There are 2 protein chains.
Amino acid sequence: MPDEKKPAFAGNITADDVAAEAGVSRWTVNRAFRKDASISSKSLEKVRIAAERLGYVPDLRAASLASDRSNLVALLIDDFANPHKLVMMERLTRILRREGWDILLVNTLDRADAGHALLNASQRRVDAVILIGIQFDDEVLDTALHARRFRKLIIFARTSRNPNTISIAVDDVHAMKEIANYVHERGFRRPMFLAGPRTSSAHLLRKETFVDYWRQHFGSEPETVSVSAYDPTLAAGIVENALAGRNKATLPDILVCENDALAIGATDVIRHKLGLRIPQDIAITGFDDVPQAEGANYRLTTYRQPLTDMAEYLVKVLGSEEDRDFDRLFQGKLMIRDSA
Amino acid sequence: MPDEKKPAFAGNITADDVAAEAGVSRWTVNRAFRKDASISSKSLEKVRIAAERLGYVPDLRAASLASDRSNLVALLIDDFANPHKLVMMERLTRILRREGWDILLVNTLDRADAGHALLNASQRRVDAVILIGIQFDDEVLDTALHARRFRKLIIFARTSRNPNTISIAVDDVHAMKEIANYVHERGFRRPMFLAGPRTSSAHLLRKETFVDYWRQHFGSEPETVSVSAYDPTLAAGIVENALAGRNKATLPDILVCENDALAIGATDVIRHKLGLRIPQDIAITGFDDVPQAEGANYRLTTYRQPLTDMAEYLVKVLGSEEDRDFDRLFQGKLMIRDSA
DNA sequence: ATTAATTTTGCTCCCGCGAGCAAAATGTCC
DNA sequence: GGACATTTTGCTCGCGGGAGCAAAATTAAT
């Protein structure tokens with residue numbers, strides 16, 4: 001009788017086994033699993049059946065080793081407190097997988113760890129590295145680029161001026177000017193800007209744009225406050241400190257936040273700790289348009305990044321063999337809701 | 001002369017190059033990068049220096065191919081709408097990386113896609129698969145186990161009765177009884193249970209436990225409502241439908257939610273669409289203790305899963321060569337806040 | 001049918017490293 | 001210094017598949 005014992009580990013079935021079963025050579029078997037295969041439909045069918053019976057799937061490690069293409073990209077992330085990261089990961093993983101790219105997820109603990117994370121990725125011989133964290137400053141990038149172990153280094157959803165990286169991001173300058181204009185149009189006159197960590201010049205782009213634009217066009221100098229991470233909880237603490245004890249006259253009339261993570265933390269504390277109403281006592285704007293921004297609780301006026309388009313462009317870049325300048329800025333959309 | 005052109009792609013430096021530079025054999029070079037290495041400190045130093053100069057790092061694909069150990073685990077996720085997933089990912093990736101495991105992140109689009117996702121992982125010859133999604137029902141598991149392409153199949157943060165999987169989860173039965181008792185103690189008498197998708201029997205555990213326990217100990221039969229995904233937005237819609245138009249007498253006095261994702265959606269709609277106060281008009285409990293549950297806005301009474309302990313146990317399981325029953329239930333902790 | 005053009009198949013030689021063993025080097029003891 | 005134990009080093013062979021070419025099979029053209 002056939003032994004019906006518990007299913008054994010079957011990782012050791014190789015193309016040779018399938019070749020024997022199908023009565024063809026090993027190379028024909030391997031060809032059957034490549035899309036560019038030059039193979040007759042007859043032997044393809046034979047191989048399919050034999051592979052099915054034996055439970056064979058090609059070993060991508062070996063394929064990658066022999067072909068020098070891993071079809072693997074590393075995704076380096078650090079700030080898991082930011083809910084927008086979840087959205088970005090979902091979008092990226094979905095679209096990348098659809099195009100045949102696998103993803104190595106690396107949690108970069110802190111700035112000092114960035115180098116190790118990059119090394120980690122390089123040992124798997126990833127074809128590209130995608131950075132969606134915040135702690136990858138110029139120094140880290142330079143180290144990575146110096147080692148030069150990846151074909152492409154992509155900064156996703158953040159502008160980078162480094163000429164050796166590929167930056168796929170929303171046009172922050174345009175976006176912040178649009179926000180500034182909207183804020184002013186709606187009659188707000190004393191904005192406060194809530195900024196994130198200042199780890200590199202690129203992060204200052206939104207803040208600088210807003211502040212400079214406001215000063216130049218509307219005269220006054222906006223207050224600014226900054227938080228050391230894009231974390232709603234931290235933002236709440238900072239905002240509470242910054243606004244506690246103020247009265248109608250000294251309170252900003254709107255809090256312009258660098259992103260939704262900060263705006264959400266700010267909203268919570270303004271309502272529940274400071275007892276103020278949004279937008280009557282103080283309005284709020286965000287950036288990113290995370291899912292909860294649309295929910296009944298926040299109704300946050302924010303700026304939507306065209307993440308899907310950006311991810312689609314990303315896979316196009318990954319697939320390209322050219323060595324040109326792939327940097328690209330996308331235009332987002334101001335989502336007007338109740339918070340401002 | 002040595003060509004000093006711009007930093008080239010340096011993925012092609014091999015142990016042989018380092019061996020030549022250091023004046024040792026290739027095997028000594030490789031040994032220098034293994035921790036169990038039997039190597040003299042003198043040649044280790046020589047190799048380190050040479051490797052540093054050439055920018056060499058071992059190729060893990062080749063190592064994995066030769067040793068039949070990839071040190072890679074696949075992480076399969078599907079419900080990215082649930083904020084708790086972000087917490088789980090952070091914890092898992094951090095602890096796994098610390099122990100030398102790399103992570104292949106696979107976004108499982110839907111139930112039909114689960115098989116492909118598993119195949120995907122198997123082609124990279126991962127040492128184990130970790131499931132933290134919801135759509136991996138018994139049928140999917142059986143298919144995966146039948147193919148048997150992984151040494152270990154771990155269901156994380158969800159109980160599974162399948163004897164061939166390893167389930168690392170919180171003790172749902174104990175937890176729900178604790179919640180039921182607490183709810184009753186605090187004087188609530190007409191609970192409604194808000195459940196998630198009913199894709200497999202395992203998902204019903206919390207609901208069934210609560211409902212059965214309540215019926216047996218407190219007489220009445222709780223109402224139940226279910227949402228097709230752990231998504232706050234969906235939960236909001238369902239709850240609005242379920243509660244709209246009710247008055248004091250017909251409204252449940254507490255909404256017991258299967259997890260925080262549902263509780264958050266429910267909270268938003270109860271406050272902002274139905275205009276009710278929490279907990280005065282209706283109380284709420286959750287499960288998971290996501291970061292925002294503690295925030296000023298929700299102050300959600302919920303049940304904390306000991307994620308760190310669970311993740312630590314997971315790496316222990318991964319490292320073990322034994323073939324015994326690794327299933328384990330952890331005890332969590334009821335976090336009492338303002339929502340109930 | 002014959003020859004040439006084209007597709008399909010099989011083969012050699014790698015890809016970069018590890019297991020396991022034999023040779024060489026080093027250390028130990030009297 | 002000699003005999004032996006112990007560490008360190010080098011080597012053969014294989015992990016599973018790809019590039020690229022030559023042989024074989026098929027198709028097209030005359």
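Here is the naming used below: chain letters follow the sequence lines, and residue numbers restart at 1 for every chain. Please read all numbers here as calculations on a predicted model, not as lab measurements.
- A distance of 6.0 Å or more separates the ring centres of B:Tyr313 and B:Phe326.
- Side chain to side chain, B:Ser160 and B:Thr165 meet the donor-acceptor criterion of an N or O pair below 3.5 Å.
- With respect to A:Arg53 and A:Asp17, no salt bridge is recorded, no charged nitrogen being found less than 4.0 Å from a carboxylate O.
- The distance between atom CZ of B:Arg69 and atom P of C:dG16, rounded to the nearest whole Å, is 24 Å.
- Both tests pass for A:Arg328 against the ring of A:Phe330: distance under 6.0 Å to the centre and angle within 45° of the axis.
- Between the CG atom of A:Leu65 and the C1' atom of C:dG18 there is a distance of 13 Å, rounded to whole Å.
- To the nearest angstrom, P of C:dC17 lies 13 Å from CZ of A:Arg124.
- The CD1-P distance, from A:Ile13 to D:dG17, rounds to 11 Å in whole Å.
- Straight-line distance from the CG atom of A:Asn71 to the P atom of D:dG17: 16 Å, rounded to whole Å.
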**Q.** Per-nucleotide protein contact string for nucleotides 18-23 of chain D, where B marks a base within reach and S marks sugar-phosphate only (heavy atoms under 4.0 Å, - for neither)
**A.** BB----
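- For B:Ser40, a side-chain nitrogen or oxygen approaches OP1 or OP2 of D:dT9 to under 4.0 Å.
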Output side-chain donor-acceptor pairs under 3.5 Å for residues 117-124 of chain B, partner residues at least two apart or in another chain, one line each.
| from | atom 1 | to | atom 2 | distance (Å) |
| --- | --- | --- | --- | --- |
| B:Ser122 | OG | B:Leu119 | O | 2.7 |
| B:Arg124 | NE | A:Asp102 | OD2 | 2.8 |
| B:Arg124 | NH1 | A:Ser70 | O | 2.9 |
| B:Arg124 | NH2 | A:Ser70 | O | 2.9 |
| B:Arg124 | NH2 | A:Asn71 | O | 3.0 |
| B:Arg124 | NH2 | A:Asp102 | OD2 | 3.2 |

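- Residue B:Ser43 places at least one side-chain N or O under 4.0 Å from the OP1 or OP2 atom of D:dT9.
- Rounded to whole Å, the distance from NZ on B:Lys42 to C1' on D:dT7 is 13 Å.
- None of A:Asp78, A:Asn82, A:Ile77 except one satisfies the side chain to side chain contact (heavy atoms under 4.5 Å, CB included) rule with A:Phe80; the exception is A:Ile77.
- A salt bridge between A:Arg98 and A:Glu312 is present, with a side-chain N of the basic residue lying under 4.0 Å from a carboxylate O of the acidic one.
- Against DNA chain D, the stretch residues 16-25 of chain A makes no heavy-atom approach under 4.0 Å.
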Q.
Apply salt bridge (Lys or Arg N to Asp or Glu O under 4.0 Å) to residues A:Glu90 and A:Arg94 and explain how you reach the verdict.
A. CA-CA 6 Å; A:Glu90 197 283 329; A:Arg94 181 149 51 80; 2.9 Å; yes
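- Separating the CZ atom of A:Arg61 from the P atom of D:dG17 is a distance of 9 Å, rounded to the nearest angstrom.
- Among the heavy atoms of the strands lying under 4.0 Å from A:Tyr56 are primed sugar atoms or P, OP1, OP2 only; no base atom is included.
- Taking side-chain N and O atoms only, A:Thr28 has no distance below 4.0 Å to OP1 or OP2 of C:dT8.
- In this structure, the CG atom of A:Leu44 is 9 Å from the P atom of C:dT9, given to the nearest Å.
- Contact between the side-chain N/O atoms of B:Ser38 and the OP1/OP2 oxygens of D:dT8 is found at a separation under 4.0 Å.
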Q. Run the side chain to side chain contact (heavy atoms under 4.5 Å, CB included) check on B:Asp79 and B:Lys85 step by step: do they pass?
A. CA-CA 8 Å; B:Asp79 61 329; B:Lys85 285 290 145 59; 2.4 Å; yes
